[in-house]
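Naming: A, B, ... by sequence-line order, numbering from 1 per chain.
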Amino acid sequence: MKPIPSTFFCRPAEVVGPYLVGCRLVKRQPDGSLLWGVIVETEAYSQDDPACHGYRRRTPSNETLFGPPGRFYVYVSYGIHHCVNVVTDRDDWASGVLLRAAALPHEPERVAAGPGLLTRRFGLTRSDDTQPVTGEHDAWLAPRPASLNSPELVTTTRIGISQGKDLPLRWYLRSSRSVSRRSKGDRLPSLMQAWLPLAEVAG
DNA sequence: TTCACGATTCTA
DNA sequence: AGAATCGTGAAG
């Protein structure tokens, strides 16, 4: 459960994105217990990409994305949901990795299957925006357990955007049932129930 | 001040 | 397939 060091995030979003699949999102609850899940799906966004929030202008709401790497960037989507990114690369360059889905032990497999559901389950809101992901805050990221090394990654296109929709900047764990939306033709073998062992093993 | 549009989710 | 729902950025 030790945090990933900040240097890990000082790389392009398209490098950090796939590495983050299999890592854990951890949050310390008010009662002191730890809530955690395995990240099973991510997407990368960079300033030179029309779909990126930092593509057009630096504003108060996307300011965090332009700031130093290793922080949470939380924004409001459709006025209803929150979505969480991890800021990557370098200062003054807007880029980040969107955390799209996670698998939680002993919980319904779809409870965090989507960026809005993930933030809902972990209780992340705009008040977590700008907070470090490296352990100084009540939420942080932990490395992928050795038992989950070299996860079978699917590389595919991003979801819910109109521009840059053909770029291969989404990654997910093929064996997970907690992925928000699978790529066309990628079916999970019916007998495989990897989501539960995944959470167990990672614990 | 107004208007159109989502890095979504749920329901039919 | 379509609605719900409202923060945000660009236009006026």
Exercise for the section: Quick one: stems involving DNA chain C, counted as three or more successive Watson-Crick or G-U pairs, both distances short of 3.5 Å. Expected result: B:1-6 with C:6-11, B:8-11 with C:1-4

List the residues meeting salt bridge (charged side-chain N to carboxylate O under 4.0 Å, His left out) with [X], not counting sequence neighbours, and say none if there are none.
{"X": "A:Asp166", "result": "none"}
{"X": "A:Asp49", "result": "A:Arg158"}
{"X": "A:Arg110", "result": "none"}
{"X": "A:Asp129", "result": "A:Arg126"}

Exercise for the section: Would you kindly check if the NZ (Lys) or CZ (Arg) of A:Arg170 is within the cone defined by 45 degrees around the ring axis of A:Tyr172 and under 6.0 Å from the six-membered ring centre? Expected result: no

Handout entry: Within the 6.0 Å centroid threshold, strictly below: A:Tyr75 and A:His82
Key = no

Exercise for the section: Using a strict 4.0 Å threshold on nitrogen-to-oxygen distance, state whether A:Arg174 and A:Asp186 make a salt bridge. Expected result: yes

Exercise for the section: Not counting sequence neighbours, list each pair that qualifies as a salt bridge (charged side-chain N to carboxylate O under 4.0 Å, His left out) and has a residue in residues 69-80 of chain A. Expected result: none

Exercise for the section: Give me the first and last nucleotide of DNA chain C, going 5' to 3', that has any atom under 4.0 Å from a heavy atom of chain A. Expected result: C:dT5 to C:dA10

Fill in the blank from the handout: The correct set of residues in residues 8-22 of chain A placing a heavy atom under 4.0 Å from DNA chain B is none

Practice task
Output the residues of residues 113-132 of chain A in contact with DNA chain B, where contact means a heavy atom of the residue under 4.0 Å from an atom of the strand; sort by number or write none.
Solution key: A:Gly114, A:Pro115, A:Gly116, A:Leu117, A:Arg120

Which atom pairs, one a donor and one an acceptor, fall under 3.5 Å between side chains of residues 90-97 of chain A and the rest of the protein, sequence neighbours left out?
residue	atom	partner	partner atom	Å
A:Asp92	OD1	A:Arg58	NH1	3.0
A:Ser95	OG	A:Thr88	O	3.1
A:Ser95	OG	A:Thr88	OG1	2.8

Practice task
For DNA chain C, find the residues of residues 75-90 of chain A with a heavy-atom distance under 4.0 Å and give them by number; none if there aren't any.
Solution key: A:Tyr78, A:Gly79, A:Ile80

Could you pull out every donor-acceptor pair under 3.5 Å between side chains of residues 132-142 of chain A and any protein atom, sequence neighbours left out?
residue	atom	partner	partner atom	Å
A:Thr134	OG1	A:Glu136	OE1	2.7
A:Thr134	OG1	A:Glu136	OE2	3.4
A:His137	ND1	A:Gln131	OE1	3.3
A:His137	NE2	A:Asp128	OD1	2.9
A:Trp140	NE1	A:Met1	O	2.8

